[in-house]
Protein chains: 2
Amino acid sequence: MEKPSGPDDVWSKFAMSIFDLNGLLMRAGESIVRPLGQSSARWQVLGRAFQPQTVATMARDMGRARQSVQRVADVLAQEGLVIYRDHPTDRRTKLVELTPRGLEVLTAIYERQLEWSRSVTATLIPAQLSSIVEGLSDIKARLEAEIDLGAKAVQPR
Amino acid sequence: MEKPSGPDDVWSKFAMSIFDLNGLLMRAGESIVRPLGQSSARWQVLGRAFQPQTVATMARDMGRARQSVQRVADVLAQEGLVIYRDHPTDRRTKLVELTPRGLEVLTAIYERQLEWSRSVTATLIPAQLSSIVEGLSDIKARLEAEIDLGAKAVQPR
DNA sequence: ATCAGATTGACAGTGTGCTGTCAATATTCT
DNA sequence: AGAATATTGACAGCACACTGTCAATCTGAT
């Protein structure tokens with residue numbers, strides 16, 4: 001009767017909750033953005049291009065691989081939502097900048113997102129929500145500490 | 001000064017927390033499983049194959065596309081961690097079943113996962129954790145309701 | 001018993017993420 | 001100033017998700 005399909009302690013329940021909610025939020029994001037012919041990945045880049053930046057900077061800020069962002073940015077540039085401008089001092093790289101069309105799209109997304117946010121928040125108690133956010137950030141901190149420990153144990157550079 | 005890089009209300013903070021934690025948990029999962037030459041996707045399938053099932057059933061339970069699970073299962077079968085057995089009554093499909101080697105791997109994963117779970121839980125207050133889990137499942141329910149509404153509004157089949 | 005509709009695996013195509021490597025260019029150290 | 005090191009974009013390859021389509025098979029209604 002002991003099936004290793006996963007323990008059902010509180011911690012595992014917590015992890016499941018996070019996975020589920022992540023899925024739901026991702027879906028919500030996609031459905032906000034799909035009618036505008038975009039995707040979450042594109043949205044991220046568009047949003048950051050509001051402040052012209054290099055691809056590498058965006059990637060660092062987003063916590064993704066440089067190459068992933070680069071690919072998305074290239075597509076956006078091809079579609080004319082974004083253009084590459086020469087970097088003033090670094091000849092290797094370029095700045096990703098919104099075009100007028102890109103700004104239009106981003107603004108439309110922003111409005112849809114605001115509306116969704118409002119309609120969801122309407123049924124939620126702000127105080128409860130912030131207490132959860134607080135708890136989550138606490139857990140996040142401990143998890144990060146844990147990961148650092150593990151990294152040290154394996155690769156003590 | 002109004003940059004549409006994303007609102008900083010409580011709800012957005014919440015979403016960011018979820019995304020971050022999801023990332024951390026996924027990394028943790030991968031690092032549990034990587035030393036055994038596996039991945040989260042494989043782990044999922046292996047875990048379910050403990051109770052022999054159809055690929056389609058697994059996919060439904062996991063909330064993924066049938067085809068995604070099929071691909072992973074095919075690789076696992078090729079590696080000999082899993083085998084396809086004829087289904088007793090349905091000639092279209094087969095049952096995915098753990099091989100002895102598959103069971104070994106799954107057990108090893110299970111042990112590593114337990115250890116990790118213990119070391120993380122050690123620094124957490126169980127009561128606080130369960131209250132968070134409760135809050136999260138509440139939010140999840142509301143989000144799902146919201147999505148159903150949206151689906152109905154757009155595609156009232 | 002038949003027939004319409006659902007389910008299933010196979011196949012093909014796409015998007016988004018990762019890793020690793022290379023050459024060009026910046027930056028930092030001595 | 002010159003050498004070692006880091007950063008950057010380009011390119012290639014892989015993993016894991018999705019979608020859509022097709023033929024075989026199962027299921028349920030008539």
Side-chain angles (χ1 to χ4, degrees), chain A residues 19-20 22-27 29-31 33-34 36-48 52-79 81-96 157, chain B residues 19-20 22-27 29-31 33-34 36-46 48 53-79 82-96 155 157:
Chain A
F19 290 146
D20 287 353
N22 185 71
L24 285 171
L25 289 175
M26 287 295 289
R27 278 161 193 255
E30 296 288 349
S31 81
V33 135
R34 183 167 29 223
L36 286 320
Q38 301 301 315
S39 70
S40 290
R42 285 159 140 97
W43 176 13
Q44 282 264 354
V45 174
L46 281 180
R48 307 217 174 229
Q53 298 172 63
T54 67
V55 164
T57 304
M58 286 183 182
R60 259 191 309 266
D61 291 350
M62 294 193 268
R64 324 239 86 130
R66 216 170 65 248
Q67 293 87 333
S68 313
V69 178
Q70 185 77 58
R71 199 169 38 71
V72 174
D74 286 348
V75 175
L76 286 174
Q78 213 169 1
E79 292 175 358
L81 301 182
V82 127
I83 58 165
Y84 290 120
R85 284 221 174 287
D86 285 350
H87 191 288
T89 68
D90 193 331
R91 252 182 308 162
R92 292 170 304 178
T93 186
K94 310 217 166 181
L95 294 176
V96 181
R157 65 173 54 193
Chain B
F19 290 145
D20 286 353
N22 185 72
L24 284 170
L25 289 175
M26 287 294 289
R27 278 161 194 254
E30 296 288 350
S31 81
V33 136
R34 183 167 30 223
L36 284 322
Q38 300 302 314
S39 71
S40 291
R42 285 160 138 97
W43 177 12
Q44 282 265 350
V45 174
L46 281 178
R48 309 222 171 223
Q53 298 174 64
T54 301
V55 163
T57 305
M58 286 183 184
R60 259 192 310 267
D61 292 350
M62 293 193 268
R64 326 238 83 132
R66 217 170 67 251
Q67 294 87 332
S68 312
V69 179
Q70 185 77 58
R71 198 175 35 74
V72 175
D74 285 348
V75 176
L76 286 174
Q78 214 171 359
E79 293 176 357
V82 127
I83 59 166
Y84 289 120
R85 284 220 174 287
D86 284 350
H87 190 287
T89 68
D90 192 331
R91 250 184 310 163
R92 292 170 303 177
T93 186
K94 311 218 165 181
L95 295 176
V96 181
Q155 194 60 249
R157 64 172 54 193

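We name chains A, B, ... by the order of the sequence lines, and we start the count at 1 in each one. No hydrogens, no waters, no symmetry mates; every other heavy atom, side chains included, goes into these values.
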Quiz prompt | Atom of V55(B), atom of A73(B) and distance for their closest heavy-atom approach | solution = CG2-CB, 4.1 Å
Practice problem: Hey, could you give me the CD1/CG distance between I83(A) and L76(A), rounded to the nearest 0.5 Å? | Solution: 13.0 Å
Quiz item: Rounded to the Å, how far apart are D90(B) CG and dT27(D) C1'?
Solution: 10 Å
Quiz item: Would you say the side chains of Q78(A) and D74(A) form a donor-acceptor pair under 3.5 Å?
Solution: no
Quiz item: Taking the side chain as C-beta and beyond, is there a heavy-atom pair between Y84(B) and V96(B) under 4.5 Å?
Solution: yes
Exercise. Using a 4.0 Å heavy-atom cut-off, write out nucleotides 14-19 of chain D from 5' to 3' as B (base contacted by protein), S (sugar-phosphate only) or - (no contact).
Key: --BBBB
Please tabulate the protein-to-nucleotide N/O contacts below 3.5 Å involving nucleotides 3-7 of chain C, giving atom names and distances.
from, atom 1, to, atom 2, distance (Å)
dT7(C), O2, R92(B), NH1, 2.1

Quiz item: What pairs meet the salt bridge (charged side-chain N to carboxylate O under 4.0 Å, His left out) rule with one or both residues in residues 85-96 of chain A, with sequence neighbours excluded?
Solution: R85(A)-E97(A), D86(A)-K94(A), D90(A)-R92(A)
Quiz item: How many Å lie between CD on Q78(A) and P on dT14(C), as a whole number?
Solution: 14 Å
Quiz prompt | Between C1' of dG15(C) and CG of D74(A), the distance in whole Å | solution = 15 Å
Quiz item: Nearest-Å distance, CE (M26(B)) to P (dT16(C))?
Solution: 17 Å
Quiz prompt | Contact summary for L95(A) and P88(A), nearest pair of heavy atoms | solution = CD1-CD, 4.0 Å
Practice problem: For V55(B) and for T89(A), find the nucleotide of DNA chain C with the closest heavy atom, then tell me which residue's nucleotide is more 5'. | Solution: V55(B)
Quiz item: Atom CE in M26(B), atom OG in S39(B): separation rounded to 0.5 Å?
Solution: 9.0 Å
Self-check item: Spacing of R34(A) atom CZ and R27(A) atom CZ [to the nearest 0.5 Å]
Solution: 9.5 Å
